[in-house]
Number of protein chains: 2
Amino acid sequence: MKSTIPDTGVPITPPDANGRDRQEASLHGEILLRLRDYVVEGNIPAGGRVPERQLCEMLGISRTPLREALKVLAAEGLIELLPNRGARVRQLSRRDLEELFDVMAGLESLAGRLACETITDAEITAIEQLHYEMYGHYLHRDMHGYFQANQRIHESIVAAARNETLKTAYANFAGRIRRVRYSANFARKRQRWAEAMREHEAILDALRRRAGSELSDILFQHLRNKRMAAIEHLTEPQEGVQASP
Amino acid sequence: MKSTIPDTGVPITPPDANGRDRQEASLHGEILLRLRDYVVEGNIPAGGRVPERQLCEMLGISRTPLREALKVLAAEGLIELLPNRGARVRQLSRRDLEELFDVMAGLESLAGRLACETITDAEITAIEQLHYEMYGHYLHRDMHGYFQANQRIHESIVAAARNETLKTAYANFAGRIRRVRYSANFARKRQRWAEAMREHEAILDALRRRAGSELSDILFQHLRNKRMAAIEHLTEPQEGVQASP
DNA sequence: TTCCATCATTTTGCATTCATTTTTTGTCTC
DNA sequence: GAGACAAAAAATGAATGCAAAATGATGGAA
């Protein structure tokens, strides 16, 4: 079933990396997932063309489902479609990034507010756990570990909001930034790192007290600071990440 | 050019109602806009099938661009695609609506916060103008006028946030609710109406003082209350609006 | 009559084909 | 050698065709 895909040594990700729609039933859905991951992971340089024919061969499919997937990715903001001139990986300007970070901040801020309404003690404990883990990474200057724990904390907050619509939107925007986010080596600034830790303390504190409005403020400000750290070092024009050679 | 559309008495909207992407250059883009409006305006009953062939004739196109548009609408959450069983207009459960309203609340709350950072006196004056207009409608018990002015106020706040990404996301979610929103005849409750007016006073006040965090709170609460009013009267299962006969 | 199996019809998913547009290549002129 | 024009090649956008799946109808057995 599912039309024998000849497995042309496709380098694209396995069919379930991103925790999203799961509409793998159709070929189009499968292609969509793989293509999205392919782009999000930065396999195509920013602004680079997305060659239909080549991808078709790579994926062993015809152009129809591929083009459908491209249309969807364009709607998601990952690529852009130039009339009669094909698809390109969207080049995010500095302004685009600022906007994206702000929207993410708004969504997390909302997530925190909602989470306070229904979060359980167990969930808070789990987040505390992650927090201490993150603190350990901080002490060991382990950027990568810190980054991962940090991300899981934020995801936990979003999950605690118990709002699938929010979660999906959050994942969508996160995907758009991901290419850049990894390059945001803000940890260079020791001071910012320490500040972020303090902010996380405050987040936990507000969460424990279920102080929704307050948490909302703290989260927004936290993300705003992150935005500053991530973006300020970019030179005007655009995205700071290229495809690995 | 652009393939003679035989104008089969298509009831769909003119090609520029919704203030969105404007990718009318391609046939696909045109179809996308028209189809989106067609669905948003409730021309197909909730949960009803979206017959490909029929729509193709109606629009005078082949199935390929139509199917591409359907895929995009599905990604936007307006319709859903059942494997091998075609597209249906998404049936929003009560829970879906609650979630959507909350996300809208979060986005507007964010918009208010951002707006406070850069809004000009002139913009505030314009919003005040709308506010008084709305108050007039309120006094005259003109539900429709009130509703429109109200909507323009909220849109003005979003515009004042100067964040295109936010604006697009906002428009997207607004589209999903639109079908239901009109049926939210919360005005029946005189008291809620008066309350909403008071909340709007508070919104304006916070805006004048550029009190971002405060405005954020007020807006969230305002939308939360709106959600209550709009949803509480729905009987459990789902959407409360049908296609007009 | 009701239930279920079988077959025809419709619909969907994808591949293929066709018509344009864009891009590249090659040649000619200055 | 640089630039301009023209033709060829490639890529895109949309239509059509075909196999698989689903829907609906028909008929037979309990």
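So that the names make sense, note that chain A is the first sequence line, chain B the second, and so on, each numbered from 1.
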Whole angstrom value for the distance that separates P of dT21(C) from CG of Leu82(A): 17 Å
Expected rows: protein N/O vs nucleotides 6-8 of chain D N/O, under 3.5 Å:
none

Whole-Å distance separating the CD atom of Glu52(B) from the C1' atom of dA14(D): 15 Å
Sub-4.5 Å side-chain heavy-atom contact between Leu219(A) and Leu110(A): no
For Thr64(B), all residues meeting side-chain hydrogen bond (donor to acceptor under 3.5 Å, both in side chains), sequence neighbours excluded: none
Distance in angstrom units between Gln54(A) CD and dA10(D) P, rounded: 14 Å
Might you list the N or O atoms of the protein lying below 3.5 Å from N or O atoms in nucleotides 16-18 of chain D, with each pair's distance?
residue : atom : partner  : partner atom : Å
dT16(D) : O4   : Thr64(B) : OG1          : 3.4

Closest to side chain of Arg67(A), choosing from dT12(D), dT12(C), dA15(D): dT12(D)
side-chain hydrogen bond (donor to acceptor under 3.5 Å, both in side chains) involving Asp102(A) - partner list, sequence neighbours excluded: Arg224(A), Arg227(A)
For Ala159(B), side-chain contact (heavy atoms from CB on, under 4.5 Å) partners two or more places apart: none
Interatomic distance where CD1 belongs to Ile61(B) and P belongs to dA15(D) [whole Å]: 7 Å
Salt bridge (charged side-chain N to carboxylate O under 4.0 Å, His left out) contacts in which one or both residues fall within residues 153-172 of chain B, not counting sequence neighbours: Glu123(B)-Arg162(B)
Residue list, side-chain contact (heavy atoms from CB on, under 4.5 Å) with Ala161(A), at least two apart or on another chain: Ala111(A), Leu114(A), Leu166(A)
Salt bridge (Lys or Arg N to Asp or Glu O under 4.0 Å) partners for Arg88(B), two or more places apart: none
Atom-pair distance (CG on Leu59(B); C1' on dA14(D)), nearest Å: 14 Å
dT23(C) phosphate, OP1 or OP2, under 4.0 Å from Arg85(A) side-chain N/O: yes
Helix axis bend for the helix from dT1(C)-dA30(D) to dC30(C)-dG1(D) - C1'-based end axes, five pairs, 10° rounding: 10°
Residue-phosphate contact under 4.0 Å: Arg49(B) side-chain N/O, dT12(C) OP1/OP2: yes
Sequence neighbours excluded, every pair satisfying salt bridge (charged side-chain N to carboxylate O under 4.0 Å, His left out) that has a member inside residues 44-53 of chain B: Glu52(B)-Arg63(B), Glu52(B)-Arg67(B)
Nearest heavy atoms of His28(A) and Ala69(A), plus distance in Å: CD2-N, 3.8 Å
Which residues share a side-chain contact (heavy atoms from CB on, under 4.5 Å) with Ser156(A), sequence neighbours left out: Ile127(A), Leu130(A)
Atom-to-atom span, CG of Leu81(A) to C1' of dA11(D) - whole angstrom: 14 Å
Rounded distance in Å - CD (Glu68(A)) to C1' (dA15(C)): 12 Å
Distance, rounded to the nearest Å, where Asn84(B) contributes CG and dT10(C) contributes P: 19 Å
Residue list, side-chain hydrogen bond (donor to acceptor under 3.5 Å, both in side chains) with Glu99(A), at least two apart or on another chain: Arg95(A), Thr165(B)
